[in-house]
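Some notes on the structure that comes next.
It should be emphasised that the depicted structure is a prediction, and the values quoted were computed from it without experimental measurement.
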Amino acid sequence: MAHDVTTRVPAPAPAKAAAGAGARAPHRRGGGHWTAWAFLAPVVIYLVAFYAYPLYRNLDLSLRHYTVRSFVQGDAPFSGLDNYRTVFADPAFGSALWHTLVFTFVSIAFQFAIGLALAVFFAQNFKLSATLRALFLVPWLLPLIVSASTWSWMLNSDSGIVNWALGLVGADPVNWLTSPDWALTSVIIANIWIGIPFNLVVLYSGLQAIPAEVYEAAAIDGATGWQRFRRITFPLLRPVSAITLLLGLVYTLKVFDIIWIMTKGGPADASSTFATWSYRLSFGNLLPEFGPGAAVGNLLILMALFFGLLYIRFQRRQA
């Protein structure tokens, strides 16, 4: 009996140790909680300062009647949806919407098709493949103002190299930048050239992730090059293609630099898009219309949001 008592006396010690460990655990959890917030704080501050607040200010601009005086003093009266009604009733709305859609979808279609063709071509890993890929990145690396100015010089009606080349084959010169029939085409060509490298890089990276064994098995089964592309490359590249198209669409919707430098949206609004129209309303007149300009900008945001939601729905269906 005495032996039993002596052996049972130390028993409570582990319980105390466990209780002590349990008492210290909340302190550690609390410290980890604050550490997590400390790491998140820079991201949250960045998102609020450069995304949430500008979006809020743009929405506020579109819902008030701002003049230069009220813009400085901050006492603009609330006008509700009047600025949006003004934009929808403007004769320039229809043409700007049409030009935005044509500019966006034609640019994306050619950028993606040419970028995919080049990615498949360079995936063969032939001699000088890496050097040529590096050269194709030049349009992407150049500042947009340099690229747009270069295309403006090339497409100049009098001294441009394009009309000079047309003259060599006996064709008549084209007023690329000053003709309402050709202005939109000109800025689309320039934008396609600038966007091809992005599609090439992303799609080429996606091709590298496809196992070579799949192509080898298809070749043993007698599949032709086109069949391998249609049955293997394109289906397995679909997730990469989807995000490439989405990013290209969002970027192209807001393209402003190229159009403004080359044509300023003219002549006679022949190449005006929502991006250039919003800028002209807000800053291009002696009496700026901040409210309608912000409303046009918000329409661009809604268009980008719509296509983003379509992408999310597409991804859920694929999952």
Problem set entry | V240 and S205: CA distance, side-chain angles, deciding distance, side chain to side chain contact (heavy atoms under 4.5 Å, CB included) verdict | CA-CA 9 Å; V240 179; S205 300; over 6 Å; no
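The distance from the CH2 atom of W277 to the CG atom of L299 is 8.0 Å, given to the nearest 0.5 Å. To the nearest 0.5 angstrom, I188 atom CD1 is 11.5 Å from I258 atom CD1. Note that OG of S186 and CG of L184 are 8.5 Å apart. Values are rounded to the nearest 0.5 Å. To the nearest 0.5 angstrom, L247 atom CG is 10.0 Å from T252 atom OG1. For the atom pair CD1 (I301) and CG (L305), the distance works out to 9.5 Å, reported to the nearest 0.5 Å. The line from CG of L55 to CG of L47 is 11.0 Å long, rounded to the nearest 0.5 Å.
Counting heavy-atom neighbours within 6.0 Å of Y56 OH, excluding the residue itself, gives a total of 12 or less. Taking a 6.0 Å sphere around OH of Y51, one finds it holds 12 or fewer heavy atoms contributed by other residues, nucleotides or ligands. Annotation: F110, atom CZ; neighbour count of heavy atoms from other residues, nucleotides and ligands within 6.0 Å does not exceed 12.
Using cut-offs of 30° and 60° on the angle between ring planes, the pair W193 and W151 is perpendicular.
For the residue pair N191 and S107, a side-chain donor N or O sits within less than 3.5 Å of a side-chain acceptor on the partner.
The two residues A49 and P54 come nearest to each other via the heavy atoms O-CD, 3.4 Å. When every heavy atom of S271 is checked against every heavy atom of T263, the shortest pair comes out as OG-OG1, 2.7 Å. For S179 against P267, the heavy-atom pair with the smallest separation is C-CG, 3.9 Å. The two residues F121 and Q124 come nearest to each other via the heavy atoms O-CG, 3.2 Å. The two atoms that bring A294 and S282 nearest to each other are N-OG, 4.3 Å, heavy atoms only. Residue S147 comes nearest to L142 through the heavy atom pair OG-CB, 3.6 Å, listed as atom of the first residue, atom of the second, then distance.
When side chains are defined from C-beta on, L166 does not count as touching P173, because their heavy atoms never get closer than 4.5 Å. Side-chain contact between T276 and H99 is absent, with no heavy-atom pair separated by less than 4.5 Å. For the pair V146/T150, a side-chain contact is recorded, criterion being any heavy-atom separation below 4.5 Å from C-beta on. Side-chain contact check for I145 versus D257: every heavy-atom pair is 4.5 Å or farther apart. With a 4.5 Å cut-off on side-chain heavy atoms, Y311 and L249 do not count as touching. Inter-residue side-chain proximity for L237 and F229 is flagged as unmet; no heavy-atom pair is nearer than 4.5 Å. Side-chain contact check for F234 versus L116: some heavy-atom pair is nearer than 4.5 Å. A heavy-atom distance below 4.5 Å is found between the side chains of S129 and R133.
Without hydrogens or angle criteria, N83 side chain to H65 main chain gives no donor-acceptor distance under 3.5 Å. A donor-acceptor pair under 3.5 Å is formed between the side chain of S278 and the backbone N or O of G293. With T104 contributing its side chain and L101 its backbone, the two residues share no donor-acceptor pair below 3.5 Å. Under a 3.5 Å cut-off, the side chain of D90 and the backbone N or O of A92 do form a donor-acceptor pair. Within the 3.5 Å criterion, the main-chain N or O of A96 finds no donor-acceptor partner in the side chain of T273.
Linking Ile, Leu, Val, Met, Phe, Trp and Tyr residues whenever their side-chain heavy atoms come within less than 4.5 Å places W140 and F112 in a single cluster. Using a 4.5 Å cut-off between side-chain heavy atoms of Ile, Leu, Val, Met, Phe, Trp and Tyr, with links allowed through other members, V44 and Y53 fall into different hydrophobic clusters. Criterion: ILVMFWY side-chain heavy atoms under 4.5 Å apart, direct or through other members. Under it, L281 and L61 are not part of a common hydrophobic cluster. The hydrophobic cluster containing F290 does not contain F78, counting ILVMFWY residues as joined when their side-chain heavy atoms lie under 4.5 angstrom apart, directly or transitively. Residues I189 and V138 are members of one and the same hydrophobic cluster, defined by side-chain heavy-atom contacts under 4.5 angstrom among Ile, Leu, Val, Met, Phe, Trp and Tyr.
A salt bridge links R280 to D269: at least one charged side-chain nitrogen sits closer than 4.0 Å to a carboxylate oxygen.
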Please tabulate, one pair per line, all N/O donor-acceptor pairs under 3.5 Å involving side-chain atoms of residues 195-203, not counting sequence neighbours.
residue	atom	partner	partner atom	Å
N199	ND2	G195	O	3.0

N/O donor-acceptor pairs under 3.5 Å from side chains in residues 157-165, not counting sequence neighbours:
residue	atom	partner	partner atom	Å
S157	OG	N175	OD1	3.2
S159	OG	N156	OD1	3.3
N163	OD1	V174	N	3.0
N163	OD1	W176	NE1	3.1
N163	ND2	S157	O	3.0
N163	ND2	V174	O	3.0

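Between F274 and the choices F93, Y279, F103, the ring-ring contact (aromatic ring centres under 6.0 Å, His included) rule is met once, by F93.
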